[in-house]
Amino acid sequence: MPRMVILDGNSLANRAFYALPPLTTADGRPTNVLHGFLTMLFRLEQEQHPDYWVVAFDKTKATVRIEQYAGYKAQRKETPEGLRPQFDYLKEILAELDVPMLELAGYEADDLIAAVTKQAEAQGMEIQVYTGDRDALQLISPKTHIFLTKKGISDVECYDEHVLWERYQLRPYQIIDLKGLMGDTSDNIPGVPGIGEKTALKLLWEYETVEGVLANADKVSGKKLQSNLKEYADQARLSKTLATMLTEVPLPFSLDNFIYRRPQASKVLPVLKKYDLKNVTRLWQERYTNDGETTEENSEMVVQAWSERELSEEGWLTQIEQWQTSREPLTLACRYEGTGLQGGRWLEWGVAVLGESFKLTREEASTQVIKAWLDLLENDKVPKILADSKTVSLLLGNEGTMLKGVVLDLSLASYLIQSSRTKFAPLDLVKEYAPKQDVFKSVSEEAAALAQVATKFKEELHTLGLADLLHTVEEPLSLVLAQVERQGIGIDVDQLKHFGEGISITLRQLEQDIYALAGNTFNINSPKQLGTILFEKLGLATAKKTKTGYSTDAETLEELRLAHPIIEKILDYRQLNKLMSTYVNGLLAQEKNGRIHTTFQQTVTTTGRLSSTEPNLQNIPIRLEQGRLLRKIFHPTEPDWVLLSADYSQIELRILAHYSQDPLLCESFALGQDVHTRTAAEVFGISLEDVTQEMRRSAKAVNFGLVYGLTEFGLSRDLGIPRKESKFYIEQYFKRYSGVKRYLESVVAQAKQEGQVRTLLNRLRRIPELFHSNRTQRQLGERIAMNTPVQGTAADIMKLAMIHVAEGLKPFRAAILLQVHDELLLQVAPEDLESVAGLLKEKMENAFPLSVPMTVDCKVGPNWYDMKAYKPEE
DNA sequence: CCCTTCACG
DNA sequence: ACGTACGTGAAGGGG
């Protein structure tokens with residue numbers, strides 16, 4: 001099917017103008033719109049390969065709509081100074097690019113777009129409309145998709161009938177009714193007073209159209225609303241008319257004028273140069289020179305439409321029966337409501353296998369078919385491929401169903417292949433190999449597409465040596481995480497509220513004190529207002545750092561502590577306010593039945609660590625006593641059980657020792673010494689007994705810095721010492737620990753050669769920063785190269801340990817509650833405490849033996865605050 | 001929506 | 001001369 005891409009020139013130019021900083025040529029002509037528009041154009045051309053394309057522009061004189069309504073667009077501001085000339089520049093460039101343009105006296109871009117869309121549809125084309133204007137959603141059809149700019153300009157979001165329905169529960173034709181009711185201030189479409197988006201949607205869900213709403217004005221709830229609907233009925237109908245895009249535009253030529261022609265360098269490069277468009281030129285060259293075209297065409301796949309088979313009830317039962325024994329992998333797509341534990345419930349399944357696809361809908365299937373289907377999901381002999389299996393298994397769990405037999409989780413696979421990715425939804429995964437795929441028309445098409453890219457993912461996993469990591473670590477771990485999330489941790493709501501009340505009282509007092517000291521009230525939480533008070537009103541020492549104003553962070557304030565009594569109050573206030581808003585209120589908002597269930601993200605970090613959200617339970621305060629007290633509210637979910645924690649001691653330094661094989665560092669761990677004291681002794685050239693607390697503190701900071709990629713700046717800031725001194729420490733360190741030095745240098749060297757680093761379990765991180773044009777970025781790249789193998793290996797080992805622990809826990813009354821990077825928190829029945837602690841220590845220490853010993857320390861207590869060291873018997 | 005600040009490993 | 005420690009998530013302000 002030929003593909004037509006239509007761009008709304010005015011809307012996109014406006015977007016670009018406001019989204020981008022005011023760039024200019026050397027002689028001062030504005031060019032930000034050119035940058036934005038052309039970047040988007042090139043990207044779209046590369047990803048979509050249009051067969052036809054056109055940019056539509058307004059030709060505003062005496063539009064048809066002004067005849068209908070004098071106020072139309074009356075409110076619209078004059079085209080801003082910097083934007084107007086850019087339309088001419090843009091048209092000049094588009095002409096050189098051989099991109100067809102369309103404008104017609106008396107019509108807006110909108111109407112031209114509608115008209116072209118209609119013609120193109122009639123000729124059986126697939127149409128994509130790019131615009132920032134939501135009005136265009138009315139054009140959506142099975143053949144027409146709308147790409148709305150999100151933030152900025154080149155980031156777009158594809159809307160089809162399904163997406164529209166999911167967002168608004170509206171059909172495309174209702175978009176004009178929506179506008180009719182709520183109006184549009186930017187076009188000065190009045191709508192009905194008092195009706196915004198929320199109300200308009202509610203009315204349309206009930207009565208479908210403006211006419212339907214007006215006819216039922218008596219029935220709607222709310223007196224004011226009723227009278228407004230009656231009073232402004234005509235205005236609503238007029239607004240709807242104004243919002244309707246005109247399709248009956250006399251287009252003077254055929255669509256053949258819009259056939260895509262490949263731009264020619266001889267014409268394009270001069271005009272890009274004329275407007276100083278360096279970045280755009282670079283994009284152009286990447287796209288059209290050095291045979292980018294051919295290699296890309298070769299690697300790009302197109303998803304085939306698999307035949308979709310409809311099954312009768314009998315058909316389903318026999319088919320499921322066959323799948324139960326065929327051993328053929330089923331690729332599954334699941335549509336659901338809610339999110340995992342939060343009210344997750346499946347609605348539809350897509351199944352793809354052997355070139356055929358199927359759709360199972362909850363509403364339509366008989367109970368018998370559903371039962372057979374769920375049995376199939378629970379059969380671990382039936383191999384399954386799907387994306388984000390953790391969420392799917394959690395939502396199935398809500399209704400007592402298990403998901404077993406997952407042999408490939410595509411989201412996790414994609415994360416290992418490209419850990420810097422941020423999107424892992426099915427469509428994003430498919431687009432990775434089939435960039436032309438913009439949308440799934442059905443859940444069965446989704447499954448078929450996933451099945452086809454699954455092959456590519458498997459190839460890629462093997463090429464990169466990541467299959468083992470996926471199958472032996474990430475996939476089994478996702479099952480463990482699902483259990484942990486469902487389990488949740490116990491929390492004492494009353495105690496938390498009480499804690500919050502205490503804080504509130506102090507907070508109110510501090511607030512009053514601060515206002516008194518400042519001489520007036522202001523918003524203490526606003527760095528901007530606070531900066532004004534401190535540095536202008538009170539005239540405190542000129543701010544140390546600025547970026548978008550005065551810096552008021554704790555580090556800056558700490559230096560001003562003695563300068564004014566208000567500083568200390570503000571620091572206290574900040575600390576307590578953080579506790580109150582993030583922790584007290586944040587946790588209370590998440591509590592359900594005395595428990596909190598976090599979500600562990602397994603595809604977020606670039607190093608392989610987990611992250612925790614909604615709420616984040618990996619950053620519960622511990623460093624300061626005031627915050628640490630909060631840990632009292634976390635307790636086991638079972639009465640009389642206890643919390644058991646186990647944390648790796650110095651795991652990252654041990655990994656560094658293993659990698660570097662530095663004799664001193666290895667010896668230190670082999671002998672079970674305090675590694676910071678030993679480091680101090682080496683750096684200061686004294687015996688262990690002579691190391692002071694101060695020296696140990698310095699050495700500890702050096703050790704800390706090592707894993708981050710040590711810098712003089714960082715160390716001097718951390719220890720509050722001059723750069724000279726930190727430089728000295730680092731030199732001394734590397735003199736004694738020359739193996740560490742050699743190792744770190746070799747990691748960086750290898751990373752620069754390969755553009756990537758790996759962890760012990762082969763986890764991969766690419767480091768484009770190493771080749772960045774900016775020196776700071778390149779240095780960051782070097783630190784990443786030093787840090788990632790260490791941090792990532794620690795993550796690998798912990799993940800492996802979690803899998804072994806979860807397995808070993810089965811005979812016992814115990815459960816994992818949390819993972820905090822180098823710590824596991826469990827709850828255990830007292831009678832199993834000793835066995836479980838022994839098991840925990842054993843599994844964690846031996847998860848992946850290194851050339852230096854691993855040490856795990858256990859603690860036990862009734863809550864997460866009152867934890868006492870616990871040594872299980874051997 | 002981006003920035004600042006601050007909580008953790 | 002510049003600007004930096006590595007990896008995260010949440011809340012609040014303000015454009």
Side-chain angles (χ1 to χ4, degrees), chain A residues 18-19 150-152 155 419-420 522-531 545-557 570-571 573-587 589-590 598-601 604-624 626-628 630-631 647-648 650-652 656 701-702 704-719 723 726 730 757 765 767 769 774-792 794-795 798 818-824:
Chain A
Y18 290 108
K150 274 205 290 204
K151 54 165 189 205
D155 198 6
S419 57
S420 60
F522 64 101
N523 188 342
I524 310 170
N525 291 322
S526 161
K528 197 179 165 187
Q529 293 182 32
L530 181 61
K545 306 185 289 181
T546 69
K547 236 175 210 160
T548 58
Y550 303 106
S551 174
T552 68
D553 61 12
E555 198 191 335
T556 312
L557 295 186
I570 290 169
L571 286 166
Y573 175 91
R574 279 255 177 91
Q575 205 194 323
L576 290 180
N577 194 56
K578 175 86 176 175
L579 286 178
M580 194 64 199
S581 59
T582 303
Y583 297 103
V584 176
N585 295 334
L587 291 175
Q590 300 278 351
T598 185
T599 303
F600 284 106
Q601 306 292 342
V604 168
T605 72
T606 45
T607 53
R609 278 188 174 181
L610 300 179
S611 83
S612 155
T613 58
E614 289 183 332
N616 182 353
L617 292 184
Q618 288 181 321
N619 71 346
I620 301 302
I622 188 165
R623 292 171 188 171
L624 299 174
Q626 226 168 0
R628 187 178 194 146
L630 199 92
R631 295 189 167 220
D647 69 287
Y648 281 110
Q650 304 297 344
I651 186 168
E652 295 191 342
L656 184 63
V702 171
F704 235 92
L706 272 174
V707 258
Y708 296 153
L710 203 54
T711 68
E712 290 166 25
F713 173 87
L715 186 62
S716 71
R717 187 154 68 54
D718 227 44
L719 286 173
R723 286 279 284 264
S726 64
I730 294 171
V757 290
R765 177 174 183 180
I767 313 181
E769 290 87 346
N774 171 314
R775 195 178 64 110
T776 312
Q777 282 294 305
R778 284 199 303 276
Q779 287 174 334
L780 171 65
E782 294 182 7
R783 293 195 297 271
I784 291 172
M786 294 187 260
N787 170 263
T788 298
V790 174
Q791 188 183 125
M798 176 54 112
L818 293 177
Q819 185 251 47
V820 191
H821 310 305
D822 63 357
E823 170 187 3
L824 281 184

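- A straight line from CD of A/E712 to P of C/dG3 spans 18 Å, rounded to a whole angstrom.
- A distance of 8.5 Å separates NE2 of A/H821 from OG1 of A/T605, quoted to the nearest 0.5 Å.
- If you check every strand for non-hydrogen atoms under 4.0 Å, A/I622 touches sugar and phosphate atoms only.
- Rounded to whole Å, the distance from CD on A/E769 to C1' on C/dT4 is 13 Å.
- Put simply, CD on A/Q779 is 13 Å from C1' on C/dA1, counting in whole angstrom units.
- Checked against B/dG9, C/dT4, C/dC6, the side chain of A/D822 finds its nearest nucleotide in B/dG9.
- Remark: A/R783 is not in phosphate contact with C/dT4, judged by side-chain N or O atoms under 4.0 Å from OP1 or OP2.
- For the atom pair CZ of A/R783 and CG of A/L710, the computed distance is 10.5 Å after rounding to the nearest 0.5 Å.
- Residue-level contact check: A/R623 touches the bases, meaning some heavy atom is under 4.0 Å from a base atom.
- Residue contacts for A/A554: at a heavy-atom cut-off of 4.0 Å it reaches the sugar-phosphate backbone alone, with no base atom in range.
- The nearest whole Å value for the distance from the CZ atom in A/R631 to the C1' atom in B/dC8 is 8 Å.
- Between A/I524 atom CD1 and B/dT5 atom P the separation is 15 Å, expressed in whole Å.
- Annotated stems with DNA chain C as a participant read B:1-9 with C:6-14, given as range with range, by first number; only runs of 3 or more Watson-Crick or G-U pairs under 3.5 Å qualify.
- In this structure, A/N585 has no side-chain hydrogen bond (donor to acceptor under 3.5 Å, both in side chains) partners at least two apart in sequence or on a different chain.
- Straight-line distance between the P atoms of B/dC3 and C/dT4: roughly 14 Å, to the nearest whole Å.
- In this structure, A/R778 places its CZ atom 18 Å from P of C/dC2, rounding to the nearest Å.
- Backbone-only engagement by A/R765 is indicated by non-hydrogen atom pairs under 4.0 Å involving sugar-phosphate atoms exclusively.
- Nucleic acid contact class of A/V820 (heavy atoms, under 4.0 Å, all strands): sugar-phosphate only.
- When the nearest nucleotides of DNA chain C are assigned to A/H821 and A/R775 by heavy-atom distance, the more 5′-ward of the two goes with A/R775.
- Atom name P, nucleotides B/dT4 and C/dA5: the rounded distance is 13 Å, in whole Å.
- Taking A/T776 as the reference, A/N774 meet the side-chain contact (heavy atoms from CB on, under 4.5 Å) condition, with sequence neighbours excluded.
- Residues that satisfy the side-chain contact (heavy atoms from CB on, under 4.5 Å) test with A/Y708, not counting sequence neighbours, are A/F704, A/N787.
- Partners of A/R723 according to the salt bridge (Lys or Arg N to Asp or Glu O under 4.0 Å) rule, which considers only residues two or more places apart in sequence or in another chain, are A/E712.
- Applying the side-chain contact (heavy atoms from CB on, under 4.5 Å) criterion to A/A794, with sequence neighbours excluded, gives A/I651, A/E652, A/I655.
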*Going 5' to 3' through nucleotides 8-15 of chain C, assign each nucleotide B (protein heavy atom under 4.0 Å from a base atom), S (under 4.0 Å only from sugar-phosphate atoms) or - (no protein heavy atom that close).*
SBBSSSSS
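- Rounded to the nearest Å, the gap between the P atom of B/dC6 and that of C/dA1 is 30 Å.
- Looking at residues two or more places apart in sequence or on another chain, you find a side-chain contact (heavy atoms from CB on, under 4.5 Å) between A/V757 and A/V747, A/A751, A/R765, A/I767, A/A785, A/T788, A/P789.
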*Evaluate the criterion side-chain hydrogen bond (donor to acceptor under 3.5 Å, both in side chains) for residue pair A/Q779 and A/E769; output intermediate values, then yes/no.*
CA-CA 8 Å; A/Q779 287 174 334; A/E769 290 87 346; over 6 Å; no
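- B/dT5 atom P lies 11 Å from atom CD of A/E555, rounded to whole Å.
- Scanning atom types as modelled, one donor and one acceptor separated by under 3.5 angstrom connect the side chain of A/Q791 and the base of C/dC6.
- Residues that satisfy the salt bridge (Lys or Arg N to Asp or Glu O under 4.0 Å) test with A/E614, not counting sequence neighbours, are absent from this structure.
- The CD atom of A/E782 sits 16 Å away from the P atom of C/dT4 (whole-angstrom rounding).
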